[in-house]
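Written below as structure tokens is the structure these notes are about.
In this text the structure is predicted, and so the values were computed from the model without any measurement.
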Amino acid sequence: MLNGKRILLIIGGGIAAFKALDLIRRLRERGASVTPVLTQAGGEFVTPLSVSALAGTKVYRDLFDLTDEAEMGHIQLSRSADLVLVAPATADLMAKMAQGMANDLASTLLLATDTPVMIAPAMNVRMWDHPATQRNLATLRGDGIAVIGPNDGDMACGEFGPGRMAEPLEIVAALEAKLAGGPLAGKRVLVTSGPTHEPIDPVRYIANRSSGAQGTALGTALAALGAEVVFVTGPADVPPPAGVQVVKVQTAQQMLEAVQTALPCDVAVFAAAVADWRVASASDRKLKKTRDGMPKLEFAENPDILAMVSQMAEGRPKLVVGFAAETDDVVENATAKRKRKGCDWIVANDVSPETGIMGGTENAVHLVSDAGVEDWPRMGKDAVAQQLAARIAAALK
Ligand code: CTP
């Protein structure tokens, strides 16, 4: 619930601004009050009248509005909220924020505020992927701004990919977690999840049976404790957690790049089942049957993302947690793996087919740390995730 919470909502100029109208309703349903600020560009997409009618209050638009200034100066406006939310956060607004510009009401409020700021980016996929936007994103994260979404999907411009604004209920969930002030509030946690797909040719790939269930459960549990979660996932069966930043990848190499972009963070949890090898030179054409017999696939080793992050000389996360999926000598192998990779904890599980763990809903894990080995009873993957998230929160205190 958001009872009594005051949200300053800055609505930027993008087609996703229409979702801000529903967002206002959802926030108010949960007891929050919403003070809306509509940028000039935002006003091209939704009318001040709709925003005002839904918020039940006036809409602020102009830095130099004498009436507004007399009633409530812009500095006061920027500080009169429990949280400032920018939705949609356009590429332009993010650039202004990253530069510290203050040339209109929205950017001035964002520069003057002393309350937490969250942004829900929305833009065309190429604009999102552009190095300038990614640089700005990194700067904003470094400034302590929490990022919600964007999601993958069909976009109003007809393209597909990351850039769609998170749905209103996902944004509300992220706000609730942030304002609840859980033990991981203000902490940035990276989670990798799901399998990777390593291409053989354009239609075939090497994969594994990971469903992504444990990773999604972990991302959800960490976000529920207030963490800002960046969720890097391969092609999983289970959808990613709501209200967190999701980065979708296919291959181990792409996962490494996404992880590097997501750093720095306070905690990194590597729940992904990363393929150890890729086909050395995947064909860009479909391999055909020939009279010469079967094709010979040569393999190359994939980067070990967990080991690379664990062994970072500078900027290593304070806590690095790996998973070990084993079929034999689970604890011995996991203990050796922790040393070899250099991570702080290993969550080890037995993925022999008879356990039903890989792709199932339950897990029986052993937590291996420098304090020794704890055997946890078999329980649901959600329960494992909640206990692990609680342990992570305790370790960061
Ligand atoms: N991992 C990773 N990058 C890789 C391989 C694994 O980040 N290229 C991470 C996994 O996310 C997991 C941990 O390393 O947290 C252990 O993965 P696992 O597959 O069990 O270990 P391997 O390195 O493959 O070791 P082995 O082949 O000896 O079992």
Side-chain angles (χ1 to χ4, degrees), residues 2 5-62 77 81 83-97 104-107 109-110 117-130 133 136-137 140 145-176 178 239-240 242-246:
L2 292 166
K5 296 295 181 197
R6 297 159 308 161
I7 312 294
L8 184 74
L9 173 65
I10 296 176
I11 305 173
I15 187 65
F18 80 92
K19 290 195 204 170
L21 299 177
D22 188 34
L23 178 60
I24 295 172
R25 289 186 45 205
R26 304 292 181 183
L27 291 168
R28 293 193 68 205
E29 270 168 18
R30 284 160 180 75
S33 64
V34 178
T35 304
V37 174
L38 185 61
T39 65
Q40 289 311 314
E44 301 290 332
F45 292 90
V46 289
T47 69
L49 188 61
S50 326
V51 174
S52 169
L54 287 164
T57 176
K58 71 171 290 175
V59 182
Y60 291 85
R61 300 213 58 194
D62 192 354
L77 184 60
L83 188 136
V84 178
L85 171 65
V86 188
T90 59
D92 177 66
L93 262 173
M94 286 176 60
K96 280 184 178 155
M97 291 171 77
D104 59 12
L105 182 60
S107 53
L109 295 176
L110 285 160
V117 177
M118 298 182 89
I119 62 172
M123 66 197 70
N124 167 272
V125 55
R126 297 218 186 288
M127 292 170 76
W128 174 254
D129 284 339
H130 195 286
T133 303
N136 292 334
L137 181 68
L140 294 175
I145 289 170
V147 183
I148 312 163
N151 294 345
D152 268 12
D154 288 321
M155 309 190 67
C157 53
E159 292 187 51
F160 181 90
R164 246 165 81 121
M165 188 167 91
E167 295 305 319
L169 286 179
E170 294 173 350
I171 298 176
V172 167
L175 247 73
E176 281 176 334
K178 175 100 180 167
V244 309
Q245 194 195 333
V246 179

Side chain to side chain donor-acceptor pair (under 3.5 Å) assessment of E159 paired with N124: CA-CA 8 Å; E159 292 187 51; N124 167 272; 3.2 Å; yes

Could you grab the distance from atom [atom1] of [X] to atom [atom2] of [Y], nearest 0.5 Å is fine?
| X | Y | atom1 | atom2 | result |
| --- | --- | --- | --- | --- |
| I7 | L2 | CD1 | CG | 6.0 Å |
| T35 | L85 | OG1 | CG | 12.0 Å |
| I148 | M165 | CD1 | CE | 9.0 Å |
| L140 | M97 | CG | CE | 5.5 Å |
| I171 | I119 | CD1 | CD1 | 11.0 Å |
| I24 | S33 | CD1 | OG | 12.0 Å |

Determine whether [X] and [Y] make a side-chain contact, defined as any pair of heavy atoms from C-beta on separated by less than 4.5 Å.
| X | Y | value |
| --- | --- | --- |
| L137 | M94 | yes |
| V172 | L27 | yes |
| L83 | K5 | no |
| T39 | I10 | yes |
| L109 | V84 | no |
| R164 | P150 | no |
| S107 | D104 | yes |

Could you tell me which non-hydrogen atom of [X] sits nearest to which non-hydrogen atom of [Y], and how far apart they are?
| X | Y | result |
| --- | --- | --- |
| A120 | A87 | CB-CB, 4.0 Å |
| F160 | V125 | O-CG1, 3.9 Å |
| F45 | G14 | CG-O, 3.4 Å |
| L93 | G12 | CD1-CA, 3.7 Å |
| P168 | L23 | O-CD1, 3.8 Å |
| P36 | T57 | CD-CG2, 3.6 Å |

From CA spacing to verdict: side-chain contact (heavy atoms from CB on, under 4.5 Å), L110, V117: CA-CA 8 Å; L110 285 160; V117 177; 3.8 Å; yes

Side-chain donor/acceptor of T90 to backbone N/O of G13, under 3.5 Å: no

Side-chain donor or acceptor of R28 paired with backbone N/O of V34 under 3.5 Å: no

Any pair counted as side-chain hydrogen bond (donor to acceptor under 3.5 Å, both in side chains), so long as it reaches residues 45-54, sequence neighbours left out: T47-S50

Distance-only side-chain donor-acceptor flag, N136 / T133, under 3.5 Å: no

side-chain contact (heavy atoms from CB on, under 4.5 Å) between L21 and V51, intermediate numbers included: CA-CA 6 Å; L21 299 177; V51 174; 3.8 Å; yes

R30 atom CZ, neighbour heavy-atom count above 12 within 6.0 Å: yes

R126 atom CZ, over 12 foreign heavy atoms within 6.0 Å: no

Name of the residue among E170, Q245, E167 meeting side chain to side chain donor-acceptor pair (under 3.5 Å) with N151: E170

